[in-house]
Amino acid sequence: MRTDLKRRLGLAIGALIAMTLPAVAGICEKRDFDGQGYVVCTLEAAQEPGLKLWLNGPDGKVLGDFTAVRRTLAPGETLAFAMNAGMYHADYTPVGLYLSNGDKAHDIVTGASNDNFGMLPNGVFCTGGARPYQVIESRAFAKAPPQCRLATQSGPMLVIDGALHPRFLVDSDSRYIRNGVGVSPDGQTAWFAISDRAVTFHEFGRLFRDGLGARDALYFDGSISRLYAPALNRADFGRRLGPIIGYTEQE
């Protein structure tokens, strides 16, 4: 109850902040799927160059929130949407692979572990390579590393070659606000989604597979999941983040 109250307060503060910010229309929209509400932000192939992945600022210190990200933008550049983009340690460093325009903060991790990240198969979201957008299983990525302009590793995979992760349970009682990314079968479209309310892994995976048509999808995180989408009056406020992904446009 206390956590839910803090989140509601953060959303309320964020909505007030978002009302004062410039918005880029047509990127994010509210969607309902199977009785649950989500926000889905859609990018097509031509928009891939505007996608960015942030961790540290010019001073080498972690940015940690959407306001700090906006301060790094060039004059006339607008942040259309952003969300947390992968799991991180207590010092905000990525748990797995992080690559942003040649800057690698961490190598890929292929071992299993007892947390969500290590619930194999996990995967890597890769952009700007052979296809505009890809979600690739981590061990396959490590065996034959593809070219990526941006790459962030997280886990578990939500959808693997059209199938839900084998450990997802229909009747699971593990529910969190969750966010992640899915990719169309041709790699031309990426969907970034966050749930309005707490959902199970199974419910979230079905959003990507059955609601959006993703062939592969990757879980970014849960409980800390946050969204910046000023067109929807969203600038979620809360504890500091590690990797952040978002799309920018010139005004």
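The shown structure was predicted, so the numbers you read here are calculated from the model rather than taken from an experiment. Below, each value reflects all heavy atoms present in this structure, side chains not excepted, and no hydrogens, waters or symmetry copies.
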Any side-chain heavy atom of [X] within less than 4.5 Å of one from [Y]?
| X | Y | value |
| --- | --- | --- |
| L241 | D65 | no |
| L55 | P94 | yes |
| M157 | V135 | yes |
| V95 | V109 | no |
| R206 | Q36 | no |

Inset, instruction - With side chain to side chain contact (heavy atoms under 4.5 Å, CB included) as the test, would you mind laying out the steps for T200 and L169 before giving the verdict? - result: CA-CA 8 Å; T200 65; L169 303 176; over 6 Å; no

Output the distance between atom [atom1] ([X]) and atom [atom2] ([Y]), rounded to the nearest 0.5 Å.
| X | Y | atom1 | atom2 | answer |
| --- | --- | --- | --- | --- |
| Y228 | M83 | OH | CE | 14.0 Å |
| C148 | N101 | SG | CG | 11.5 Å |
| C28 | L232 | SG | CG | 6.0 Å |
| T78 | E251 | OG1 | CD | 3.5 Å |
| Q153 | F141 | CD | CZ | 8.5 Å |
| S172 | F201 | OG | CZ | 8.5 Å |

Legend entry - Whether F204 and Y219 hold their rings parallel, tilted or perpendicular, with breakpoints at 30° and 60°: perpendicular

Inset, instruction - Measure up the H165 and F168 rings against each other and bin them: parallel (under 30°), tilted (30 to 60°), perpendicular (over 60°). - result: parallel

Are the side chain of [X] and the backbone N or O of [Y] linked by a donor-acceptor pair below 3.5 Å?
| X | Y | value |
| --- | --- | --- |
| Y176 | S225 | no |
| R139 | T110 | yes |
| R240 | V62 | yes |
| T152 | G86 | no |
| E137 | I160 | no |
| S195 | R197 | yes |
| Y133 | E44 | yes |

Inset, instruction - Report the C-alpha separation of T189 and T42 in whole Å, then their side-chain angles, then the decisive distance to 0.1 Å, and conclude whether the side chain to side chain contact (heavy atoms under 4.5 Å, CB included) test is met. - result: CA-CA 7 Å; T189 305; T42 304; 3.7 Å; yes

So, for [X] and [Y], which heavy atoms are closest and what is the spacing to 0.1 Å?
| X | Y | result |
| --- | --- | --- |
| Q47 | L43 | OE1-CA, 3.3 Å |
| L53 | Y98 | O-OH, 3.2 Å |
| I27 | F81 | CG2-CD2, 3.5 Å |
| L227 | C41 | CD1-SG, 4.2 Å |
| L150 | L51 | CD1-O, 3.3 Å |
| W54 | L63 | CB-CD1, 3.8 Å |

Inset, instruction - Inspect the contact between R215 and D161 and indicate whether a charged nitrogen and a carboxylate oxygen are less than 4.0 angstrom apart. - result: yes

Legend entry - N-O pairing of E203 and R178 below 4.0 Å: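 Salt bridge: no.
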
Legend entry - Working for side chain to side chain contact (heavy atoms under 4.5 Å, CB included), residues V159 and D216: CA-CA 5 Å; V159 185; D216 296 281; 5.5 Å; no

Legend entry - Neighbour count above 12 (heavy atom, 6.0 Å) for N114 CG: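 Open: at most 12 neighbouring heavy atoms sit under 6.0 Å from CG of N114.
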
Same cluster for [X] and [Y] if Ile/Leu/Val/Met/Phe/Trp/Tyr side chains link at under 4.5 Å?
| X | Y | answer |
| --- | --- | --- |
| V181 | L207 | no |
| L158 | I245 | no |
| Y92 | I244 | yes |
| Y88 | F220 | yes |
| V199 | M119 | yes |

Inset, instruction - Could you check S154, S138, S113 and say which one makes a side-chain hydrogen bond (donor to acceptor under 3.5 Å, both in side chains) with N122? - result: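 Exactly one option meets the side-chain hydrogen bond (donor to acceptor under 3.5 Å, both in side chains) with N122, and it is S138.
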
Legend entry - Residue of the set R149, R131, Q188 for which side-chain hydrogen bond (donor to acceptor under 3.5 Å, both in side chains) holds with E48: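 Of all the options given, the one that passes is R149.
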
Inset, instruction - Output, in order, the C-alpha distance, side-chain angles, deciding distance and verdict of side chain to side chain contact (heavy atoms under 4.5 Å, CB included) for R209 and L164. - result: CA-CA 8 Å; R209 186 190 66 177; L164 296 183; 3.8 Å; yes

Inset, instruction - List the steps and the verdict of ring-ring contact (aromatic ring centres under 6.0 Å, His included) for F192 and F125. - result: CA-CA 11 Å; F192 301 83; F125 176 57; 5.7 Å; yes

